[in-house]
Novice: 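Below: one structure in structure tokens.
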Amino acid sequence: MNIRSVFSRTIATLVFLAGVCALAQLPPVPLPAPGPTPDPTNPFMPRQRLREFVPPPAFDPLQRVPMPGMGATTISATASFDPPVLRLMRFGEYRVTILGMSAGIEVPDPLPAPEGLILDLTNKTPGTTIVNGQRLMSMTLRYSVTAARPGTYLMPSFTATVAGQPVTVPAAQVVVQTPGPDDLPYQSVRAVLDLPAGEYFVGQMLPARLLVFDTPDETVQAVANVTKPSGDFLFQTQTGSRRERIMWEGKESVALVTPLRLTPIKPGETDVSLQAIVFINKLNLAGRPSGNTAQAMLDTAPVRVRVRALPESGRKPGFTGAIGKFELGQPVLSAPEAIVGDPINLTVTLMGEGNLEAIGAPTFDAGEAWQSFTPTINVERDVFSGRGTKTFTYTLIPRTPETRAVPTIPFSYFDPERKEFVDLSIPPQAVAVKPSGAAPAATPAPATDGTDAANEPPSPKRAEPILTGLAEKPGRWRRSPSPIAWSGTFWAGQAVPALALLGLWLWRRRVDFLAAHPEVVRRREARIAAKRHLRVARVAAHANDEDAFINASIDAIRAAAAPLDTTQAHSVVMEEVLAKLPRENHADKAVRELFTCGHAKDFSGHHTPLNGVTELLPHVEKTVAMIEGRQP
Amino acid sequence: MKGALAVGALIGCAIWVVFSLVLFDNFSNAIHPGNTRYAKGDFADAKRLWSKVSGKNTSPGLLHNLGNAEFKLGKLGPAILAWERARALDPAFRNTTANLRFARGQAGLSEPELAWHEEYSALFTPDTWIWVATGAFWLAAALLALPPLLKRKRTAWTQGGAVVAIGVFLLTLPALAGIVARGKIGVVLAAETVLRLTPTKEGEMLGKLAEGELARVEKSRGAYVYVRAASDRAGWVQRGEFTKIWP
């Protein structure tokens, strides 16, 4: 081994050792974990983490300050005022946000605020913030901020502690200005008595509400100690208020609504107003509660109300002060049957809107038949709708077995809308009353045997004088108690005048028709005349009176053949008759023969033999029928 | 010929008058036996006698007395039915109205609620209203129709008469409607008459109606009628337990 090779080996060994030492100084490079090939379409597959790009931090004294000694993107803090310009007497928000951690945060208490700047911690809000595509935990501390005087306030930087490590919260600045003329004034909550205008009546329960409206600057949390400082009213507050969105003076507003019960006690015009203590939460400019609360005594504007006394006229029995709109539920008897001396219950339910609490129980007075006790009363009412029920439970004891029902209990109420009393009497309730074992059973007949006078008041005996006597005269007799219209005879009788009028109308139509068509009349008269002449001709033929036969036959033919105008039948000549007959016909021959005989008889001046002329009677009848058949 | 006809008509009228007088006398005497029995306290016999008469003909006095007898016998339903019928035939007879009020007060029954046109129709007897209405109607029709049919000139007299007749007819219309409505009213005859859900003997019981209570018939099926009493208590009842005032 020569020196040269030994030197070279030594150099190589040193280089190897130096490389090994250098490798030992480097951080270990993790091997990629074995696993499936990343699939970008599968959201459940782990993805290769992208290399984060961290921009070089820019200096911003009012914004983020990196925590010294820690990573630049891990934990930091921001601070800001919202809004940066604030009006005096208004509330803003001072926000401190810790990025990178949401727990273990400690800030100085109180904060090192400049003099005149008032800060109050309202809440802490954990959250997440995306920074450079990285989701970071955060915690936002919100402080309400207001100032005692105008000016520019610099909230200095201070150090918070996050998980034991100090974090610098940067400084922030807010400008507080005096409100300008264009700025809206501070709006406090206001209270209003909601009482519809109109006439009311003494004793009526008015549908009133106390409304306390929210404003952009304040919101009402609760109402307490509502009192009535003025007005002749009985006043009761209802328990419970609720926030509602209501239309008021044409605008939709949010208000805390407290129902009230106002009852006027004196007629006349009066002002009514209310007073209440309200608990207020002041809002910042973002409309969020600033954390500042206050109490205030609010007065409502007086509302003028006209109250009238209940009318004296028109009162109905059983009025016990009920004013409103009511309905009566179905009365319920505890049992359909009762025994003399045993109590049963009658439950009557009154429903509706009105002064349910002030209504007296309807008076039950059934004389000797029942014994009654003061009813128990139960009122249930929905605070907001005002509707409710009042239940009267009567305890009744039947005294006589003749009792058939719980009688009508008169009751009425006054309807302020209709301004009249309305009858709402409780209808009778059928009940079967049986005699008790100790008392003898009484018959329905009025006669009593008097065995137990104490238990059986002589009510039937007393009833007898009230029942009127008999009718001495029977009155008008009739077949049925039903009205006459219930019988078919009546309606048949009604057909008589109807038919008479109908007949009269038809007659008038016929008369008018005949007046417009005289030929119809003439034809009818011609037929009648022809028949009359034919009748004479038949008689003459039967008596072999040839002269009379010829005259009657010619008259019959003429009457049948006379035109339907004003032409007289006796002026018709033979040619006119023949014109209405077919040529070379038996009728034609008969007519010629008759007229020839007639002319000879009338105009020859001597006796003309007329042997056998009466045998023409069948021809004459056929001729007359033929001529009539050929007439138009 | 005309003289013979006149004599015949005269004889016919005389026969009719005599027959009517005899008949009236017979019917007038018809209630007296019952009255006598009633005065002696024999209500059942009085009722029997009056019922026998009322089977053929009836009158307000007879029905009033019959109602009294039924009431004395403890039959409130038939008593109220008889009195209601009597009152319909003679609304001016105050004793019948008083008896009805008395009986209802005794039984704890409320007075029937009638609509305004029903109250209006109760001012006179139904027959009075019906005859006035039909007379006015036909008179108006005749006065309007006869002049043109007879080719006569319409005069102020005929036209005024027609207007008056039409006016009278219009005034009777609410009463006629009331009569029709009252024709559905009936009386519960039996005590504790059961209102059923269905017109069957096994129908579910909805409630009960008191004897003598009034109800209105709305429909009928077989042996049952559907009635509606005060406070809208409605259901089916057996025909035998309920009778209309005007059958």
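Chain letters run A, B, ... following the sequence lines, proteins first, then strands; residues in each count from 1.
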Novice: Could you check which of B/T96, B/L76, B/I130 has the highest count of heavy-atom pairs closer than 4.5 Å to chain A?
Specialist: B/I130
Novice: Check whether B/N95 gets within reach of chain A through its side chain, its backbone, both or neither, counting any heavy atom under 4.5 Å.
Specialist: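 For B/N95, heavy atoms of backbone and side chain both lie under 4.5 Å from chain A.
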Novice: Distance from B/L149 atom CG to A/W505 atom CH2, nearest 0.5 Å?
Specialist: 9.5 Å
Novice: Give, as side chain, backbone, both or neither, the part of B/W131 having an atom under 4.5 angstrom from any heavy atom of chain A.
Specialist: side chain
Novice: Please state whether the side chain, the backbone, both or neither of B/K151 comes within less than 4.5 Å of a heavy atom of chain A.
Specialist: both
Novice: What part of B/L89 gets closer than 4.5 Å to chain A, counting heavy atoms only: side chain, backbone, both or neither?
Specialist: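 For B/L89, the contact with chain A is made by the side chain alone.
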Novice: For the atom pair CD (A/Q429) and CZ (B/R233), what is the distance rounded to the nearest 0.5 Å?
Specialist: 6.5 Å
Novice: Would you compute the distance between atom OG1 of B/T58 and atom CZ of A/R476 and round it to the nearest 0.5 angstrom?
Specialist: 11.0 Å
Novice: To the nearest 0.5 Å, what is the distance between CD (B/E111) and OG (A/S425)?
Specialist: 11.5 Å
Novice: Check step by step if salt bridge (charged side-chain N to carboxylate O under 4.0 Å, His left out) holds for B/D127 and A/R478.
Specialist: CA-CA 11 Å; B/D127 286 359; A/R478 49 185 297 137; 2.4 Å; yes
Novice: If we ignore hydrogens and angles and just use 3.5 Å, is the side chain of B/N35 paired with the main-chain N or O of A/L470 as donor and acceptor?
Specialist: no
Novice: If you draw a 6.0 Å radius around CH2 in A/W491, do more than 12 non-hydrogen atoms from other residues or ligands fall strictly inside?
Specialist: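 Count not over threshold, so no.
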Novice: Show the nearest heavy-atom pair for residues B/P247 and A/W486, with the distance to one decimal.
Specialist: O-CD1, 3.5 Å
Novice: Answer yes or no: is there a side-chain heavy-atom contact under 4.5 Å between B/K72 and A/L467?
Specialist: yes
Novice: Tell me, side chain or backbone of B/L176 under 4.5 Å from chain A's heavy atoms, or both, or neither?
Specialist: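 For B/L176, neither part sits under 4.5 Å from chain A.
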Novice: What part of A/A498 is in contact with chain B, defined as an atom under 4.5 angstrom from a non-hydrogen atom: side chain, backbone, both or neither?
Specialist: both
